[in-house]
Protein chains: 2
Amino acid sequence: MVMTRELFPLVGVDIALFCVGDESLRVMLVRRAQAPHAKRWALPGGILKPHLDSSLESAARRVLAEKVSIELPLVEEVRTFSGPDRDPRGWSVSVLFYALLPLDKTSAVVKSKIEALEWADALSTDHKLAFDHSEHLSCAVQKLRAKVAADVLPLHLLPEKFTLRQLQRVTEIILGHPLDKSSFRRRLKESRDLVELDEYVRGPQRPAQLFRASESFSF
Amino acid sequence: MVMTRELFPLVGVDIALFCVGDESLRVMLVRRAQAPHAKRWALPGGILKPHLDSSLESAARRVLAEKVSIELPLVEEVRTFSGPDRDPRGWSVSVLFYALLPLDKTSAVVKSKIEALEWADALSTDHKLAFDHSEHLSCAVQKLRAKVAADVLPLHLLPEKFTLRQLQRVTEIILGHPLDKSSFRRRLKESRDLVELDEYVRGPQRPAQLFRASESFSF
DNA sequence: AGAATAGTGTCTGTCAGACAGTATCGC
DNA sequence: GCGATACTGTCTGACAGACACTATTCT
């Protein structure tokens, strides 16, 4: 069925799925199989299906379920993009979400045979993505950074148990600049978002104490 | 034309238009003339018209133009609300915006004969608005407060020239708590969002210096 | 002992709230 | 002068960065 967009806009969702790997912030890109913009890299996304979705966020989760086999802890709206020209099919609305994939769940990524997939450096600025997805990406990064800087911690990007050093590294990678160890620990100990565990990781040096997010924590 | 919402959701915008008056933060409410929810109070809103609107924000500005005869300096997205049940007409998406009406422009409000209009106290919690607009309103207030607290100033709610005392009152009204005069002035003088003028308002006491927003200011 | 990383203590500058004090108007 | 409001100066406590220091493991 073909329908002009004169009465109803196309409504879809796009997702910036972040993870941290290889000492950098990474975002999932997919190579589009179909027109429009076939063969170009884009953020994963899809059209809203009213008979399947109970909200835009659940549409985003449905789209993500095709890429990642676990339920993601955090899927949050960034903003909308809209207009008659951003999609060649006509007047369209895209609601952008971001989501976080914990470090130890990267094996949950579904390898598709029909679609190429890549974890691109989210902070490098020279992607030329399909549609207006380059702008989508920079908005999502900005929102993520604002959240992290506003003293909320990117715990969803870590495994359930982690050391303060790991948390600090992830925070530094997202913000793009180094943090002082002492002040970082001070803030964290006071924040009550963390619970100390009586467990330690052993390594070739002094063991590090493990922590987990407190029950009340919500990013 | 009647169409089920099985393929295309209804897409609309709603706006929380704020102003400050009578020592409180006020929001514009309209009494709905038509079903659904006829005769109930709601935020002003309307359906997206792809042939008229070049984006969701311009749809919001079009809706506002029916209520206020001036172009508003700030119209900004808050978030979306969506789902099959929030509007009895079927699956729908509402994109919420907020906008600010300067104090000295309240005369620009268009008095409609077919529609009742009210400036309600935005912080009182006992509105029972149509649809999910009560939740819309609290989200919009929260976003406005976050902006104002994050040291950005609600200059758009003031006339072009104003005294620091006026700015402080408006900020206090929005945040809901008093601020220290000295620290407030200190912040402001350093912020470079303000320009001092060589003008003073005379009254029954010491004259107060006038300020205006600097060119580079953007809320 | 030495290397390596975990974790602590302390100094210091910045900044915001509190609040008292000074300035300038009308009457 | 007095009341009222505009505006300033100073004290103080909270906090964050800098950085040196101690602690605990493995080899």
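The aromatic rings of A:Phe219 and A:His156 sit perpendicular, their planes meeting at an angle over 60°, well past the 30° parallel limit.
A salt bridge (charged side-chain N to carboxylate O under 4.0 Å, His left out) check over residues 143-158 of chain A, counting only residues at least two apart or in different chains, returns the pairs A:Glu76-A:Lys147.
The closest side-chain donor-acceptor pair between A:Asp121 and A:Ser124, if any, does not fall under 3.5 angstrom.
Taking 4.0 angstrom as the limit, A:Ser183 places none of its side-chain polar atoms (N or O) nearer than this to OP1 or OP2 of D:dA16. A close approach under 4.0 Å does not occur between any side-chain nitrogen or oxygen of A:Arg206 and OP1 or OP2 of D:dA23.
For A:Ser216, the side-chain hydrogen bond (donor to acceptor under 3.5 Å, both in side chains) partners are A:Ser214, not counting sequence neighbours. Scanning for ring-ring contact (aromatic ring centres under 6.0 Å, His included) contacts around A:Phe131 gives A:His37, A:His133, with sequence neighbours left out.
Contact detail for B:Leu158 and B:Pro102: the closest heavy-atom pair is O-CB, 3.7 Å. What you find for B:Ala16 and B:Leu43 is that their closest heavy atoms are CA-CD2, 4.3 Å. Heavy atoms only, all atoms of each residue included: B:Gln168 and B:Asp180 are closest at NE2-C, 4.0 Å.
Distance A:Arg185 CZ to D:dC19 C1': 15 Å, rounded to the nearest Å. Rounded to an integer number of Å, the gap from B:Phe211 CZ to D:dA6 P is 12 Å. With rounding to whole Å, A:Lys189 atom NZ is found 16 Å from D:dA16 atom P. If you measure from atom CG of A:Leu188 to atom C1' of D:dG17, you get 15 Å, rounded to the nearest angstrom. The distance between atom CZ of B:Phe184 and atom C1' of C:dG17, rounded to the nearest whole Å, is 14 Å.
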Quick one, A:Val93 with B:Val95, criterion side-chain contact (heavy atoms from CB on, under 4.5 Å). Give me CA distance, side-chain angles, the key distance, then yes/no.
CA-CA 10 Å; A:Val93 176; B:Val95 183; 5.5 Å; no
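For the pair B:Arg79 and B:Phe81, the cation sits on the ring face: its NZ or CZ lies under 6.0 Å from the ring centre, inside 45° of the axis.
A heavy-atom distance below 4.0 Å to DNA chain D is reached by these residues of residues 196-204 of chain A, ordered by number: A:Arg202, A:Gly203, A:Pro204. For DNA chain D, the neighbouring residues in residues 151-181 of chain B, judged by any heavy atom under 4.0 Å, are B:Arg165, B:Lys181.
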Table of protein N/O atoms under 3.5 Å from nucleotides 10-15 of chain C N/O atoms:
none

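Among the nucleotides C:dT5, C:dA16, C:dG7, the one closest to any side-chain atom of A:Gln209 is C:dG7.
Using a 4.0 Å cut-off between charged side-chain N and carboxylate O, B:Arg31 and B:Glu118 make no salt bridge.
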